[in-house]
Amino acid sequence: MYNTELKRYFSQELLDWYEVNKRDLPWRRHRDPYYIWVSEIMLQQTRVDTVIPYFHRFIERFPTIQSLADAPEDDVLKCWEGLGYYSRARNLQAAARQVTELYGGVMPSGKDEVSGLKGIGPYTSGAIRSIAFNIPAAAVDGNVMRVLSRYFLIEEDIMKVKTRTKMEELVLTLVPEGRASDFTQALMELGALICTPKSPKCLVCPVMEHCTARYEGKEESLPIKTKAKPPRPEYRLTAIVEGTGVHEGKILIRKRPSTGLLAGMWELPHVIVPASANPAVMPEEPAMSHLQGALLEEGIPVLPIGHVMDAEHTFSHIHWNMGVYRCTWQDAPISSLQAAESAAAYETGIEQFRWIHVHDMERYAFPNVFIRILHSYFSS
DNA sequence: GAGACGTGGGA
DNA sequence: TTCCCAAGTCT
């Protein structure tokens, strides 16, 4: 598969380049497998600059696998607040508990053992085993597929599993003896700094001389990648519920279910409405009426007072259009029957709700969209 | 295989 | 402003 001299040149030049140009990143200051592991999970679909402060906080708060395993899940999510893809955090902790129970708290290095941990797929398994243990294992991510598709002119859709497995096989033939750790990092470093998605810096690339895509003028059009679908719109009415009586000065928050979007995170109560009722164009009265009725069905008796703001938030697959309304807690029952039903529903899920002061926000993990709304609300 | 799953930055 | 992401994994 491919010219042997082409490959030998690539590996050697890449390692030499990395030795001089590697960035000083926090997780590169140690060979601790736990640090490598945490960094690799955080770096999934996330930029280095974004990860760095999170990595420092996370390691300070959870210095060891054992400390992570022993922590309350809410603490882990709070530490992950704002990073996104929160299942990464919950899987990381679940995996820390696996390591504690199965391997005495010591990170394993075997392929089956590492791959068996929650949240660790083929890429992260290869990354941890090669970077932390210097084992010749393939860590093929978007960077690596971009670099290889260009250098070796691989014109196959990198979204396909078959393309990735092919690249994994190729990488294994490229790893210089005893240099797995540096080589894995060098490959990704080249993709991050030189062989970038747009406007690759070919003129300063250590392997430009033998890059096939460069030779054929195709470096800008590789890799081949199918386009992602645009996020579908959703329309939601959100309630900022102000407490009365013993809850005077507080607002109501609730915890999301343990699965699905933003699992385990805290939020403002909100309800979905049909696309035909886009809050941005929906008159206040019918919006407030719908919000009141829909929240009551969920066991939250409130009285909407008025429109506060509109907000938008884009997830990877959904775009939320939100109308935010100030509400008061419905002390006085609407009807005795409804009051009884809603009270029962509220009591049933009591641990999913909290009355909090603004400054208590720092004790709960909120998705970014609700942090923005709350900050906007309390600063005006 | 395709969709679910977040966020902030850069062109 | 809009688009495309950025060191993927799970179902």
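Quick caveat: nothing in here was measured; it's all calculated off a predicted structure. Proteins get letters first, then strands, A, B, ... in listed order; numbering begins at 1 in each.
Every salt bridge (Lys or Arg N to Asp or Glu O under 4.0 Å) that A:Arg61 has, sequence neighbours left out, goes to A:Asp75. Partners of A:Glu155 under the salt bridge (Lys or Arg N to Asp or Glu O under 4.0 Å) rule, at least two apart in sequence or in another chain, are A:Lys218. By the salt bridge (Lys or Arg N to Asp or Glu O under 4.0 Å) test, A:Arg28 pairs with A:Glu189, sequence neighbours left out. In this structure A:Arg179 satisfies the salt bridge (Lys or Arg N to Asp or Glu O under 4.0 Å) test together with A:Glu19, A:Asp182, sequence neighbours excluded.
Residue contacts for A:Arg372: at a heavy-atom cut-off of 4.0 Å it reaches no nucleic acid atom on any strand shown. Looking at heavy-atom distances under 4.0 Å, A:Lys225 makes contact with sugar-phosphate atoms alone, never a base. Counting non-hydrogen atoms under 4.0 angstrom, A:Ser316 reaches a base of the nucleic acid. A:Lys160 comes within contact range of no nucleotide atom at all, as no heavy-atom separation falls under 4.0 Å.
Residue pairs meeting the ring-ring contact (aromatic ring centres under 6.0 Å, His included) criterion with at least one partner in residues 159-213 of chain A, sequence neighbours excluded, are A:Tyr9-A:His210.
Taken residue by residue, residues 364-371 of chain A places heavy atoms nearer than 4.0 Å to DNA chain B at A:Pro367, A:Asn368. Proximity of residues 115-131 of chain A to DNA chain C (heavy atom under 4.0 angstrom from any strand atom) is restricted to A:Lys118, A:Gly119, A:Ile120, A:Gly121, A:Pro122, A:Tyr123, A:Thr124. Contacts between residues 17-28 of chain A and DNA chain C, counted as heavy-atom distances below 4.0 Å, involve A:Arg23, A:Leu25, A:Arg28. Residues from residues 77-94 of chain A placing a heavy atom under 4.0 Å of any atom in DNA chain C do not occur. Only at 4.0 angstrom or more do the heavy atoms of residues 179-206 of chain A sit from any atom of DNA chain B, so none qualifies. Contact check of residues 31-48 of chain A against DNA chain B (heavy atom, cut-off under 4.0 Å) returns A:Gln45, A:Thr46, A:Arg47.
Distance noted for atom P between C:dT9 and B:dG8: 22 Å (whole Å).
Nucleotides of DNA chain B that come within less than 4.0 Å of any heavy atom of chain A span, from the 5' end to the 3' end, B:dG3 to B:dG9.
Checked by atom type, the side-chain pair A:Thr173/A:Lys7 shows a donor-acceptor distance below 3.5 Å.
Counting heavy atoms from C-beta outward, A:Leu296 and A:Gln330 have side chains that stay 4.5 Å or more apart.
Note: A:Phe58 and A:Trp80 meet the aromatic proximity criterion, with ring centroids under 6.0 Å apart.
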